[in-house]
2 protein chains.
Amino acid sequence: MTNQVKNVNPNVSVDCVVFGFDNDKLNVLLIEQKMANKEKVQFALPGDLIVDDEGLDAAADRVLEEITHISGVFLRQFKAFGDPNRVSDIKDLDWLASYRQNPQARVITVAYLALVKMDDFQPEASSFAERVFWQELQSLPSLAFDHNQILEEALDRLRDDFINHRTGFELLPERFTLGQIQKLYEIILGKELDKRNFRKKILKEKLVTATNEKQTGVLHKPAILYELNHDNI
Amino acid sequence: MTNQVKNVNPNVSVDCVVFGFDNDKLNVLLIEQKMANKEKVQFALPGDLIVDDEGLDAAADRVLEEITHISGVFLRQFKAFGDPNRVSDIKDLDWLASYRQNPQARVITVAYLALVKMDDFQPEASSFAERVFWQELQSLPSLAFDHNQILEEALDRLRDDFINHRTGFELLPERFTLGQIQKLYEIILGKELDKRNFRKKILKEKLVTATNEKQTGVLHKPAILYELNHDNI
DNA sequence: TTCCCCAAGTGTAAAAAATACACTAAGTTT
DNA sequence: AAACTTAGTGTATTTTTTACACTTGGGGAA
């Protein structure tokens, strides 16, 4: 009960790792922000300090909306990051330094994860973001703070969810072909899958139902369109 | 960039859900603490505010050690809890109120999970804990704050790890019988398992090796003792 | 109109994993 | 010597996973 002096209330933020699927590649939503000297810019995950009267989940929704104008995304908390030096260069960000009540204090962040169809969301920069954009995962720049690490861990978690078939359909169009699901899985998991075996498994899970429509305008045999089976979740 | 006023730096704590296995029941480590009016007591998970120069993982180790004198436990972060009202009755805890730099501010907690052999640890209360004790999960009291919820979520996570065979052996004695492992699994998962099938699976995983010793002093056929196969992890 | 291109769509055999199930063995106690 | 208690073992069945190659039906080009 004696060492009551070392505690300094930290700043707490949320960071959102929003993966976007464009039917071809996996992307992640990044922002570009100016550094204090006005010359350099840096890239980062969308994130900001929480405010006092909101829960963490609500903070994640709000922050994502404020910075990128993206809302209605299912964000899932996956880990808190709290290394004391994880935001050592925060003083380079004048907007943040002036924002913080305890500018000298560290920043602990709670990271959230989401997966969306890129087409459904047109990010628009605001708040302190100079620019918001979808970045292909294959060519990731170096990110601010520990955001590269946060992104890596988010990707691990995302893949884990796919392997256990707990997610994935939400980022397909309303009607989709089995080929599209397979491609999605291949992109997320980063490996090829056998077509017949994949179909067997997906159809057995009964999460999708065939409609009686087919693709049109494709230069090959048109595929049957499926839709999500909303009852069966 | 205009609403820069609502942020108040929260207090950040860690809470440790330490499950203890006594070869028969699953227990959890709780503390008893006095409330401000000195009459009432309450039960809670061991936890405390973090200090400024330590990471979250280190904070969890330190806090557990300070409050319960238990150290060397593998604590795994599993979720942050940040509902703005989750610690509404914190003013009842004078030790905490006086400790906090921002007594008016909310408390966000990062929850950790561990699983140990009860026999290996003799908790001893210190710091603000009046008492530290192992409580059987079957007869849990009502806990402070949202600690019942945190405990529930920890248990879900623990079971998930067992189902995927990612954990469990660490809380057996150095040498153990297959029956003991099975009993452990049955206690954690809360259901009976088929003996032959369970043995097949465990042995196939090659995580344990038979020694050439047997149990002694039991009033039935003595079982072969196994030990952890440390190479194979 | 024919031919070509392209992904869609389909089945089967083999191997591996999961499940269900019941008796004998080896100590201890009485 | 008998009784009690948990250890220890095998097989048949079902389910799941994996590997693998050809035909189909549209659109576009010649």
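In what follows, chains carry the letters A, B, and so on, assigned in the order in which the sequence lines appear, proteins first and then strands, with residues in each chain numbered from 1.
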For a 4.5 angstrom cut-off between non-hydrogen side-chain atoms, does B:Val17 reach B:Ile150?
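Yes, their side chains come closer than 4.5 Å.
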Any residue meeting salt bridge (Lys or Arg N to Asp or Glu O under 4.0 Å) with B:Asp120, in chain and number order, not counting sequence neighbours
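With neighbours one apart ignored, the set is B:Lys117.
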Check the distance between [N]'s [atom2] and [X]'s [atom1] and give it to me in whole angstrom.
| X | N | atom1 | atom2 | answer |
| --- | --- | --- | --- | --- |
| A:Asp194 | D:dA21 | CG | P | 11 Å |
| B:Gln215 | D:dT5 | CD | P | 16 Å |
| B:Phe198 | D:dT6 | CZ | P | 17 Å |
| A:Tyr226 | C:dA8 | OH | P | 11 Å |
| B:Leu193 | C:dA18 | CG | C1' | 13 Å |
| B:Leu225 | D:dG8 | CG | P | 9 Å |
| B:Ile224 | D:dT9 | CD1 | P | 6 Å |
| A:Leu203 | C:dG11 | CG | P | 12 Å |

Describe the nucleic acid contact of B:Leu178 in one word from base, sugar-phosphate, nothing, applying a heavy-atom distance below 4.0 Å.
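B:Leu178: no heavy atom of the nucleic acid under 4.0 Å.
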Reference residue B:Phe162; test ring pair (Phe, Tyr, Trp, His ring centres under 6.0 Å); the match among B:Tyr185, B:Phe169, B:Phe19, B:Phe21:
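Result: among B:Tyr185, B:Phe169, B:Phe19, B:Phe21, B:Tyr185 is the only option passing the ring pair (Phe, Tyr, Trp, His ring centres under 6.0 Å) with B:Phe162.
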Electrostatic pair B:Lys201-B:Glu205, nearest N-O below 4.0 angstrom
no
Ion pair A:Arg76/A:Asp161, N-O distance below 4.0 Å:
yes
Residue among B:Leu29, B:Ile67, B:Leu64, B:Leu30 satisfying side-chain contact (heavy atoms from CB on, under 4.5 Å) with B:Pro123:
B:Leu29
Can you check nucleotides 16-18 of chain D for protein contacts, nitrogen or oxygen pairs under 3.5 Å, and list what you find?
from	atom 1	to	atom 2	distance (Å)
D:dT18	O4	A:Lys200	NZ	3.1

List, one per line, each side-chain donor-acceptor pair under 3.5 Å for residues 135-145 of chain B, sequence neighbours excluded.
from	atom 1	to	atom 2	distance (Å)
B:Gln135	NE2	B:Ser139	O	2.6
B:Gln135	NE2	B:Ser139	OG	3.2

Side chains of B:Thr109 and B:Asp15, donor plus acceptor under 3.5 Å
yes
Quick one about A:Asp57 and A:Tyr112 (side-chain donor to acceptor, distance below 3.5 Å, no hydrogens or angles considered), yes or no?
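Side chains of A:Tyr112 and A:Asp57: pair found under 3.5 Å.
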Here DNA chain C, pairs taken as Watson-Crick or G-U under 3.5 Å and shown with ( ), [ ] when crossing and | when to another strand, reads ||||||||||||||||||||||||||||||
N/O donor-acceptor pairs under 3.5 Å from side chains in residues 187-196 of chain B, not counting sequence neighbours:
from	atom 1	to	atom 2	distance (Å)
B:Asp194	OD2	B:Arg196	N	3.1
B:Asp194	OD2	B:Asn197	N	2.9
B:Asp194	OD2	B:Asn197	ND2	3.3

Between B:Gln33 and the options B:Glu130, B:Arg131, B:Gln42, the side-chain hydrogen bond (donor to acceptor under 3.5 Å, both in side chains) test singles out B:Gln42
Heavy-atom contacts, protein to nucleotides 22-30 of chain C, under 4.0 Å, summarised as B (base), S (sugar-phosphate only) or - (none) per nt, yield B--BBBS--
